[in-house]
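So you know, we letter chains A, B, ... as the sequences are listed, proteins then strands, and number each from 1.
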2 protein chains.
Amino acid sequence: MYSIGQLADKTGVKVPTIRYYEQIGLIAPPERTAGNQRRYTLAGFQRLSFIRHSRDLGFSLQDTREFLELSGHPDQKCDDAHKIATRHLAVLRQKIAKLMRLEAELERISCCESGKLGDCAVLETLADHSLCKTDH
Amino acid sequence: MYSIGQLADKTGVKVPTIRYYEQIGLIAPPERTAGNQRRYTLAGFQRLSFIRHSRDLGFSLQDTREFLELSGHPDQKCDDAHKIATRHLAVLRQKIAKLMRLEAELERISCCESGKLGDCAVLETLADHSLCKTDH
DNA sequence: TATAATCCCTCTAGTAGGTATAGCTACAAG
DNA sequence: CTTGTAGCTATACCTACTAGAGGGATTATA
């Protein structure tokens, strides 16, 4: 049995976040001691690790909820899990592509000579989109 | 003079968002018609375009606020503007690197054969971090 | 056993950056 | 003059937490 603090240490999920997950129904309310403190089992630890991992990979809490639901029914086909993962991968790729375009643009405009603000490429570019060389 | 809807169309910023920006003091309250409707000038349009552009480049509202402040004093050195942009560029690069690691991992685990959930690589990997091939 | 340090409890409110809704009024076209 | 679209305020809601107040529980040491 782990206290909430021990569980936090073992999973890397912060204590208030664990309580938050319980509040929104992502994890079940655990047993309590006579003094009303939460005590977690190995199963609770595993579920929270799963959640942590899913969040680390950038999935939303909603996606994570669906993964948890799916992993509770190991006899069904895993198409749904793949659908979620594939959808997320597409979003991720778009995000990367966009960020890389932004990177290029930002690099271009932020490496000018330091001078007076009236000639600052950063501010000029923000003021006039037509100065941009890439799409965004 | 533009109505709020026309301004929204011209800048690509949604109507409620424009009102929100006014509320948080990012743009000044514009003049009103006798019937209490907002009417924007060219200067209002330019300021909102500047904001939109800054947001498009991924800057926070706080960064954007600082850019606006700086662009109001064109006689000062633009070091500050560059500092903000450079800081943002570093954050952006970290974000891209992390997303690319996630992409690799997600690609690896989501391209398995569709079978039973008990053997689903997506769910298995989420449950057991040691199955991951990359850092995240 | 006493006490101090650390942990844990609930509850409320706040964060960014908006979006949605309700109930109402203004304005432009026919 | 009416009707449909656009605008108004105010409040609540969204994600995914984080911070703080004010108290109780547990544990390590004296």
Side-chain angles (χ1 to χ4, degrees), chain A residues 1-27 29-40 44-45 47-48 50-68 84 87-88 91-92 95 98 102, chain B residues 1-27 29-40 44-45 47-48 50-68 84 87-88 91-92 95 98 102:
Chain A
M1 295 294 238
Y2 318 108
S3 71
I4 197 168
Q6 289 166 339
L7 188 66
D9 286 345
K10 276 180 75 79
T11 58
V13 179
K14 289 179 190 159
V15 168
T17 305
I18 298 174
R19 286 196 278 248
Y20 169 70
Y21 285 166
E22 180 183 327
Q23 190 196 311
I24 64 170
L26 200 63
I27 59 177
E31 286 180 44
R32 302 278 185 137
T33 64
N36 199 34
Q37 298 195 356
R38 291 169 180 83
R39 285 297 177 270
Y40 295 90
F45 160 70
R47 188 176 176 97
L48 190 58
F50 185 107
I51 293 168
R52 171 76 212 264
H53 199 176
S54 175
R55 297 287 301 128
D56 272 352
L57 286 169
F59 290 100
S60 68
L61 286 184
Q62 187 50 49
D63 285 345
T64 304
R65 212 184 274 273
E66 289 172 43
F67 281 139
L68 285 165
I84 298 172
R87 186 184 66 205
H88 183 61
V91 170
L92 204 56
K95 216 178 262 182
K98 176 162 191 205
L102 296 190
Chain B
M1 296 293 239
Y2 318 108
S3 70
I4 197 167
Q6 289 165 341
L7 188 65
D9 286 347
K10 276 179 73 79
T11 59
V13 179
K14 288 180 190 157
V15 168
T17 304
I18 297 174
R19 286 196 279 248
Y20 168 70
Y21 286 166
E22 181 183 327
Q23 191 196 311
I24 64 170
L26 199 63
I27 59 178
E31 286 180 43
R32 302 279 185 136
T33 63
N36 199 35
Q37 297 195 354
R38 291 170 179 82
R39 285 298 177 267
Y40 295 90
F45 160 71
R47 188 177 176 95
L48 189 57
F50 186 106
I51 293 167
R52 172 77 212 264
H53 198 174
S54 174
R55 298 285 301 130
D56 273 352
L57 286 170
F59 290 101
S60 68
L61 286 183
Q62 188 49 48
D63 285 345
T64 304
R65 213 184 273 271
E66 289 172 42
F67 282 139
L68 285 165
I84 298 172
R87 187 184 63 203
H88 183 58
V91 170
L92 204 55
K95 216 179 261 184
K98 175 160 193 205
L102 296 190

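- A8(A) and V15(A) make their closest contact through CB-CG2, 3.7 Å (heavy atoms, listed as atom of the first residue, atom of the second, distance).
- When the C1' atom of dT10(C) is taken as reference, atom CD1 of I4(A) falls 12 Å away, rounded to whole Å.
- Of the side-chain N and O atoms in S3(B), none sit less than 4.0 angstrom from OP1 or OP2 of dA6(D).
- The residue among F59(B) and R39(B) whose nearest nucleotide of DNA chain C is located toward the 5' end is F59(B).
- Within 4.0 Å of R19(B), counting heavy atoms only, lies at least one base atom of the nucleic acid.
- Under the 4.5 Å side-chain criterion, counting only non-hydrogen atoms from C-beta, S3(A) is not in contact with R38(A).
- As a whole-Å value, the separation of Y20(A) OH from dT15(C) P is 17 Å.
- Contact annotation: R32(B) reaches the phosphate of dT9(D) (side-chain N/O to OP1 or OP2, under 4.0 Å).
- With rounding to whole Å, E31(A) atom CD is found 17 Å from dC8(C) atom P.
- For dT19(C), one of the phosphate oxygens OP1 or OP2 lies less than 4.0 angstrom from a side-chain nitrogen or oxygen of T17(B).
- Toward the 5′ end of DNA chain C lies the nearest nucleotide of S60(B), the other residue of the pair S60(B) and Q37(B) mapping further downstream.
- Mapping Y21(A) and N36(A) onto DNA chain D via the closest heavy atom, the residue that lands nearer the 5' end is Y21(A).
- Taking atom CD1 on I24(B) and atom P on dT15(C), their separation rounds to 12 Å, with Å as the unit.
- Environment of CD in E31(B): sparse, with no more than 12 heavy atoms of neighbouring residues, nucleotides or ligands closer than 6.0 Å.
- What separates OH of Y2(A) from P of dC8(C) is a distance of 15 Å, to the nearest Å.
- Rounded to whole Å, the distance from CG on L61(A) to P on dT15(D) is 8 Å.
- Side-chain contact between L68(A) and L26(A): present, with at least one pair of heavy atoms (C-beta onward) separated by less than 4.5 Å.
- Put simply, CD1 on I18(A) is 14 Å from P on dC7(C), counting in whole angstrom units.
- Regarding Q62(B), its CD atom lies at a distance of 16 Å from the C1' atom of dG18(C), rounded to whole Å.
- Taking side-chain N and O atoms only, T33(B) has no distance below 4.0 Å to OP1 or OP2 of dA26(C).
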### Message
Run the side-chain contact (heavy atoms from CB on, under 4.5 Å) test on Y21(A) and L61(A) for me, step by step, so that the C-alpha distance in whole Å, both residues' side-chain angles and the decisive distance to 0.1 Å come before the verdict.
### Response
CA-CA 9 Å; Y21(A) 285 166; L61(A) 286 184; 3.8 Å; yes

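- In this model, the phosphate group of dG18(C) is not approached by any side-chain N or O of K14(B) to a distance below 4.0 Å at OP1 or OP2.
- For dC8(D), the OP1/OP2 oxygens have a side-chain nitrogen or oxygen of R38(B) closer than 4.0 Å.
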